[in-house]
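Data first, discussion second: the structure below is written as structure tokens.
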Amino acid sequence: MKKPLIVQKFGGTSVGSIERIHTVAEHIIKAKNDGNQVVVVVSAMSGETNRLMELAKQVDSVPTARELDVLLSAGEQVSMALLAMTLNKLGYAARSLTGAQAHIVTDNQHNDATIKHIDTSTIAALLEQNQIVIVAGFQGINDNGDITTLGRGGSDTSAVTLAGALRADECQIFTDVDGVYTCDPRIVKSAQKLMVIDFPSMEEMARKGAKVLHLPSVQYAWKNNVPLRVLSTFNTDDGSLVKGEECQSDICGLAIQRDMCVIKIEKEALASLKKQCQMLGVTIWNVIEHAEWVGVVIKHDAYARLELVFNDKIRNSEPVSLLTAVGLQVEGLIERSHTLLTEQGIEVEHYALNVRSLMLVLSPEYVDKAANILHDAYITSAQAVECQQKQAFLG
Ligand code: ASP
Ligand code: MG
């Protein structure tokens with residue numbers, strides 16, 4: 001009988017030191033000894049991609065995209081080799097592969113490439129030889145043979161896409177948090193772990209800034225129905241499972257996105273700004289319509305790129321943060337949020353309503369406080385009511 005195949009992905013913190021790589025090896029060995037075939041995807045050691053990025057920025061504030069990919073992909077190459085060596089030393093056959101060696105073929109969009117296809121023959125042959133296969137996350141190769149990277153946090157996408165291509169039985173994303181929470185627990189102490197979250201809600205959380213999973217990884221897993229589990233490297237908990245399409249609660253979570261800015265331009269300039277953004281691959285998060293001007297919300301680091309070509313048309317720019325409530329019942333929340341937040345002296349610059357979310361544009365200094373206020377109002381108290389109802393029902 002064919003053995004089950006699982007893909008395990010370990011993030012930067014999980015491979016952050018030799019000692020931690022040892023802990024990672026233990027998870028892998030356990031899965032292997034349980035009778036699975038195991039393919040592992042690793043990130044760079046924590047802080048490493050940032051360090052490399054800093055070096056590049058010292059050379060040029062807008063480094064050559066191709067060379068940046070050559071540089072950044074080195075981070076994952078370090079951790080994959082250290083992990084394979086650790087497994088070998090512990091007596092397990094393991095082989096590390098770069099994105100190119102694993103035949104992960106992407107488009108040409110350097111620094112933000114998309115995987116086009118994966119030829120799994122090399123990995124399959126190694127699994128056949130009973131090897132544990134370690135693949136570098138975040139990287140691939142384009143048709144010219146150049147190294148590409150998938151955008152920050154892209155190792156999740158590598159893992160999920162590999163799981164799809166290999167028809168894996170489960171894709172496990174090991175990280176430093178033990179699951180998907182209703183909000184970032186470092187900011188909102190009362191945030192709670194979700195045992196299960198549906199794909200559409202998870203997608204919207206990731207799109208609006210929840211860092212726990214990289215957006216394309218969620219979209220890919222959803223489309224290909226790859227069961228996705230988020231779990232901690234540092235405990236043995238079952239984590240959170242992302243599956244299905246049915247949303248369980250009115251408001252399932254709050255996402256926070258920092259380091260954004262609103263650039264204000266004349267109304268007439270909007271069409272050409274949109275075109276420039278498209279050409280530069282800059283995502284517009286929101287457009288704020290005002291009587292005299294238009295505000296365009298983009299990531300702060302994209303601003304430097306845009307400024308190069310659009311400077312004369314930009315009136316001014318101001319830093320903002322975004323707080324987004326994700327769920328099915330968001331329509332009624334604008335007024336209530338407005339009341340709750342103004343009572344505490346927090347001014348919301350703009351509200352943007354989508355099918356599954358309500359986004360608040362705020363000054364960065366207020367976002368953490370606002371997250372706590374809205375979490376208490378919409379999630380913690382809703383759960384308390386539900387609990388009371390259950391108790392009343394049970395007598
Ligand atoms: N090392 C890359 C980053 O820091 C990719 C990843 O960790 O997923 O963004
Ligand atoms: Mg990550």
Side-chain angles (χ1 to χ4, degrees), residues 7-17 20-21 23-24 39-57 63 65-83 96-100 102 104 106 109-115 118 134-141 147-164 171-177 180 184 202 205-207 209-221 226 228-234 242 257-259 281 283 299-302:
V7 173
Q8 299 188 317
K9 181 258 168 180
F10 295 91
T13 322
S14 305
V15 293
S17 65
R20 288 186 170 184
I21 290 177
T23 309
V24 165
V39 174
V40 180
V41 174
V42 283
S43 290
M45 296 171 87
S46 53
E48 185 62 9
T49 311
N50 287 344
R51 188 184 74 85
L52 296 170
M53 192 72 158
E54 261 318 299
L55 288 174
K57 290 248 162 94
R66 180 192 183 278
E67 301 312 324
L68 188 61
D69 279 347
V70 176
L71 181 72
L72 296 188
S73 63
E76 271 69 15
Q77 212 166 314
V78 171
S79 44
M80 74 181 200
L82 291 172
L83 179 57
S96 70
L97 301 174
T98 63
I104 299 176
T106 73
Q109 188 74 42
H110 280 291
N111 312 159
D112 197 18
T114 303
I115 298 175
I118 302 178
I134 321 276
V135 182
F138 177 57
Q139 58 177 265
I141 190 166
I147 299 171
T148 52
T149 63
L150 308 179
R152 296 306 304 270
S155 298
D156 292 343
T157 299
S158 309
V160 177
T161 316
L162 259 175
C171 182
Q172 303 177 338
I173 308 282
F174 284 85
T175 173
D176 52 344
V177 292
V180 179
D184 184 340
M202 190 64 242
M205 290 284 281
R207 188 191 293 283
K211 299 283 178 298
V212 60
L213 286 170
H214 192 230
L215 176 62
S217 73
V218 181
Q219 292 169 326
Y220 185 91
V226 178
L228 202 58
R229 192 179 287 282
V230 179
L231 62 182
S232 167
T233 312
F234 309 110
V242 190
Q257 177 68 42
R258 299 175 203 278
D259 300 323
T283 306
K299 277 208 173 137
H300 192 263
D301 60 7

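Counting starts at 1 for both ligands and their atoms, in listed order.
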Practice task
Output the list of atoms in ligand 1 that are nearer than 4.0 Å to some heavy atom of S43, sorted by atom number.
Solution key: 6 (C), 7 (O), 8 (O)
Problem - Non-neighbouring partners of R20 that pass salt bridge (Lys or Arg N to Asp or Glu O under 4.0 Å), sequence neighbours left out - result: none
Practice task
Go through ligand 1 atom by atom and flag the ones less than 4.0 Å from a non-hydrogen atom of G153.
Solution key: 3 (C), 5 (C), 6 (C), 8 (O), 9 (O)
Practice task
May I ask whether G154 has any heavy atom positioned less than 4.0 angstrom from an atom of ligand 1?
Solution key: yes
Practice task
Could you tell me whether ligand 1 has any atom less than 4.0 Å away from a heavy atom of E76?
Solution key: yes
Practice task
Decide whether S14 and T233 meet the rule of one side-chain donor and one side-chain acceptor closer than 3.5 Å.
Solution key: yes
Handout entry: Those atoms of ligand 1 less than 4.0 Å from some heavy atom in R152
Key = 3 (C), 4 (O), 9 (O)
Problem - Polar contact flag for F138 and ligand 1 (N/O pairs, less than 3.5 Å) - result: no
Problem - D156 N/O to ligand 1 N/O under 3.5 Å - result: no
Handout entry: Heteroatom proximity flag, K9 to ligand 1, N/O under 3.5 Å
Key = no
Practice task
Applying salt bridge (Lys or Arg N to Asp or Glu O under 4.0 Å), name anything that partners R258, two or more places apart in sequence or on another chain.
Solution key: D368
Handout entry: Pair T149-S73, side-chain donor/acceptor within less than 3.5 Å
Key = no
Problem - Pair D69-H110, side-chain donor/acceptor within less than 3.5 Å - result: yes
Exercise for the section: Establish, from distance only, whether the side-chain atoms of N50 and R152 form a donor-acceptor pair under 3.5 Å. Expected result: yes
